[in-house]
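Comments concern the structure below.
FYI, the numbering just counts along the sequence from 1. Keep in mind that this is a model prediction, so the values were computed, not measured.
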Amino acid sequence: MQTRSAVAPRGRVVGATALVLTAVTALTGTASGSSVTALPAAAISATGMSTGVSGAGAAGPPVPVLSWGPCTGPQDGFECATARVPLDHRRPDGPTIALAVTRRPAADPARRTGVLLLHPGGPGNSGVDFARNSHAALPAALRDSFDVVGYDMRGVARSARVECWDDEEYAAAVDAARGVPGPGAVHGAVRQGADFEAACRRRSGGLVPFVGTGFNARDIDLLRRALGEETLSFYGRSFGSYVGTVYAAQFPRRVRAMVLDGAYDPRLYAEVPYAYDGAQFTALDAAVGRFLDWCAGNAAVCGFGEGRPRQAFADLKRALDANPVVSASGRPATGYTLAYRLMFNINAGREIWPYLGEALRAAQERRASFLLSPPSPASFGFLTVNTAVECADRVYPAGRPLLGALVGAHAASAPLLGPPVGLGPPAYDHNHAPACVQWQADRPSRYVGSYRAAGSAPILVLGTTGDPDTPYRDAVALAGTLENGRLLTFAAEGHTAYNRSACVSALATGYLATLALPARGTVCADEAPPEPVGRRTAGPAVDETRDVIPLLR
């Protein structure tokens, strides 16, 4: 464990273009506001312009009845149940939606403290799978004293999954995407966004208005009541940090302890989305740039680029666009495929850097590489929900001319991955604007209100200084927004901090178990370094559809 008290690190100075872009996009924000079954639009009453979810409401819906039984699949000590909650929380006695829920009781009933709800990133990852796959990685102090609970939030996996493009439509879109998009790419992205939005209305029109985080947080409170708990302990990572923030904002007195890891700046995310996207592009490109600069200074260990990795990376994208590698699935792996995979794998931090170098070298030599695996149907399901939930949460300023100008500017501001990510088909966080600007569904499930969570217990916010996915400045902003926020900094590369740092994990676990907070200004600096050549095993690959708390190394 390494800890030190320090002033929070300063944000990285960006170029003049990025600064101008940030200023422009800030001005374009807005401050306004289990089985899978089809949900016909006719079952939903017509609504006017949504004002969003701003509070807990007076008339509550019935508390779900959880009938626990064996789970399908591995017999790992978890129980499963289904919770029925209102589809539209404005109509508590109206149609319901079935949420898949799982729990594993505390290993030591005599020491039981309560419930620890685990919420994964995404949006789009299964909370049921997250709880089951992460349980073994939790310290004994948490496994012994908490019932560990997970659930698939509305629209995800077993809880009435959102459907938009089908697999053939998605495969055609990603297979045609390029690492170096040509002329007309901005217009193409806008056109694909409109087509994706129309498919969501066609296939999930009765569901997509109701998948926003305001309603998701209300579902959590119904689960709390169904579990018989006065308060909850909560760990949320990445997008799960926004869910936790909104829950605390709506139900501050129901928070026993809360850890928000890889945090979102909630106001920027929900109210100034173009600016939020711009910061994500910058953070992603900066992280990839630091990796490539490491390759330049460690050519023999990295194995890619022969001392000029940035140029080699640009050349590789063009080469794969011109002559794609045919993957094992028979689909083309292009420069877009390379950028897509690198976007997720860079999240693993410095310890994966040698493996990324090897994978880039293999791609250069047209050999099998985890960076040349095209998005699969499982990925399409994740990406569909990722886009639909964020479109339900966020209101972009209207107008195709502004959309085209800012999408193009964001891509140009991040030359390594910005063009393929920003100008590709609807997929992950960074490129939601083309679909969300053209989103025609109402947004009654969007949260609108203060994020201070006034009166809540202390909330611990974890921020990683080199996070490629949720910029460190977001964690700083969230800790300052919450009335009782406390920031714990991990000085490292990679996305999220818990169990990637023995220091962070000890402090966060101690807080969840005993409510003892780390000292203000604490910084942990124990990131695992890149592995030496002689100690490497088979190269790891990140699966964007499967989130898990890693085993502490």
Are side-chain heavy atoms of [X] and [Y] found at a separation under 4.5 Å?
X	Y	answer
His89	Ser445	no
Phe215	Val85	no
Arg161	Val385	yes
Ser379	Tyr340	yes
Val301	Pro530	no
Phe490	Asp526	yes
Leu117	Tyr247	no
Pro273	Glu390	no

[X] side-chain N/O to [Y] backbone N/O, donor-acceptor pair under 3.5 Å:
X	Y	value
Thr465	Ala492	yes
Arg256	Glu230	no
Arg154	Asp219	no
Tyr498	Ser501	no
Gln250	Ala217	no
Ser241	Ser238	yes
Arg103	Val115	no
Ser456	Pro252	no
Asn499	Ala137	yes
Asp152	Ala157	no

Rounded to the nearest 0.5 Å, how far apart are [atom1] of [X] and [atom2] of [Y]?
X	Y	atom1	atom2	value
Met153	Leu99	CE	CG	10.5 Å
Asn347	Ile352	CG	CD1	9.0 Å
Ile97	Ser159	CD1	OG	7.0 Å
Met258	Leu116	CE	CG	11.0 Å
Leu507	Leu512	CG	CG	11.5 Å
Leu260	Leu487	CG	CG	11.5 Å

Minimum-distance pair of heavy atoms, taken over all atoms of [X] and [Y]:
X	Y	result
Leu462	Val259	CD1-CG1, 3.7 Å
Ser145	Ala106	C-CB, 3.8 Å
Ala497	Thr464	CB-OG1, 3.8 Å
Leu416	Leu292	CD2-CD1, 4.0 Å
Ala279	Pro471	O-CG, 3.8 Å
Gly422	Phe281	CA-CZ, 3.6 Å

Open item on the list: Is it true that, when you exclude Arg225 itself, more than 12 heavy atoms of the residues, nucleotides or ligands shown sit nearer than 6.0 Å to its CZ?
Closed with: no

Task: salt bridge (charged side-chain N to carboxylate O under 4.0 Å, His left out), paired with Asp147, selected from Arg112, Arg224, Arg111 - done: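 Testing Asp147 for a salt bridge (charged side-chain N to carboxylate O under 4.0 Å, His left out) against Arg112, Arg224, Arg111 leaves exactly one candidate, Arg112.
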
TODO: Would you check, one step at a time, whether the test side-chain contact (heavy atoms from CB on, under 4.5 Å) holds for Arg267 with Val272?
DONE: CA-CA 7 Å; Arg267 190 193 70 83; Val272 198; 3.5 Å; yes

Open item on the list: Can a side-chain donor-acceptor contact be found between Asn386 and His432 if the only test is distance below 3.5 angstrom?
Closed with: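 Present: a donor and an acceptor within the cut-off.
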
- [ ] Indicate whether the side chain of Tyr269 and that of Asp393 have a donor and an acceptor atom separated by less than 3.5 Å.
- [x] yes

TODO: Mind telling me whether Tyr242 and Phe239 have parallel, tilted or perpendicular rings, with 30° and 60° as the class edges?
DONE: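 Taking Tyr242 first and then Phe239, their aromatic rings sit tilted (interplane angle of 30° to 60°).
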
Salt-bridge contact [X]-[Y] (side-chain N to carboxylate O under 4.0 Å):
X	Y	answer
Arg218	Asp221	no
Asp277	Arg394	yes
Asp108	Arg143	no

TODO: Hey, could you give me each pair passing ring pair (Phe, Tyr, Trp, His ring centres under 6.0 Å) that has a residue in residues 116-153? Not counting sequence neighbours.
DONE: Phe78-His135, His119-Tyr151

TODO: Pick out which of Asp285, Leu342, Ile346 makes a side chain to side chain contact (heavy atoms under 4.5 Å, CB included) with Pro468.
DONE: Ile346

Open item on the list: Consider side chain to side chain contact (heavy atoms under 4.5 Å, CB included). Of Leu118, Val128, Val148, which one does Thr102 pass it with?
Closed with: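 Exactly one candidate clears the test, Val128.
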
TODO: Hey, could you give me each pair passing salt bridge (Lys or Arg N to Asp or Glu O under 4.0 Å) that has a residue in residues 127-141? Not counting sequence neighbours.
DONE: Asp76-Arg132, Asp129-Arg158

TODO: Verify side-chain contact (heavy atoms from CB on, under 4.5 Å) between Val156 and Phe382, making sure each step is shown before the conclusion.
DONE: CA-CA 8 Å; Val156 173; Phe382 165 79; over 6 Å; no

Open item on the list: Pair Tyr428, Asp469 - check side-chain contact (heavy atoms from CB on, under 4.5 Å), show working.
Closed with: CA-CA 10 Å; Tyr428 194 54; Asp469 201 352; 2.5 Å; yes

Open item on the list: I'd like to check the side-chain contact (heavy atoms from CB on, under 4.5 Å) partners of Ala516; sequence neighbours left out, ordered by chain and number.
Closed with: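 Listed in chain order: Thr514.
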
TODO: Any chance you could lay out the side-chain contact (heavy atoms from CB on, under 4.5 Å) test for Phe234 and Val149, step after step, and finish with the verdict?
DONE: CA-CA 10 Å; Phe234 182 97; Val149 173; over 6 Å; no

Task: Trace of the side-chain hydrogen bond (donor to acceptor under 3.5 Å, both in side chains) decision for Asp474 with Tyr276 - done: CA-CA 9 Å; Asp474 280 26; Tyr276 188 86; 3.2 Å; yes

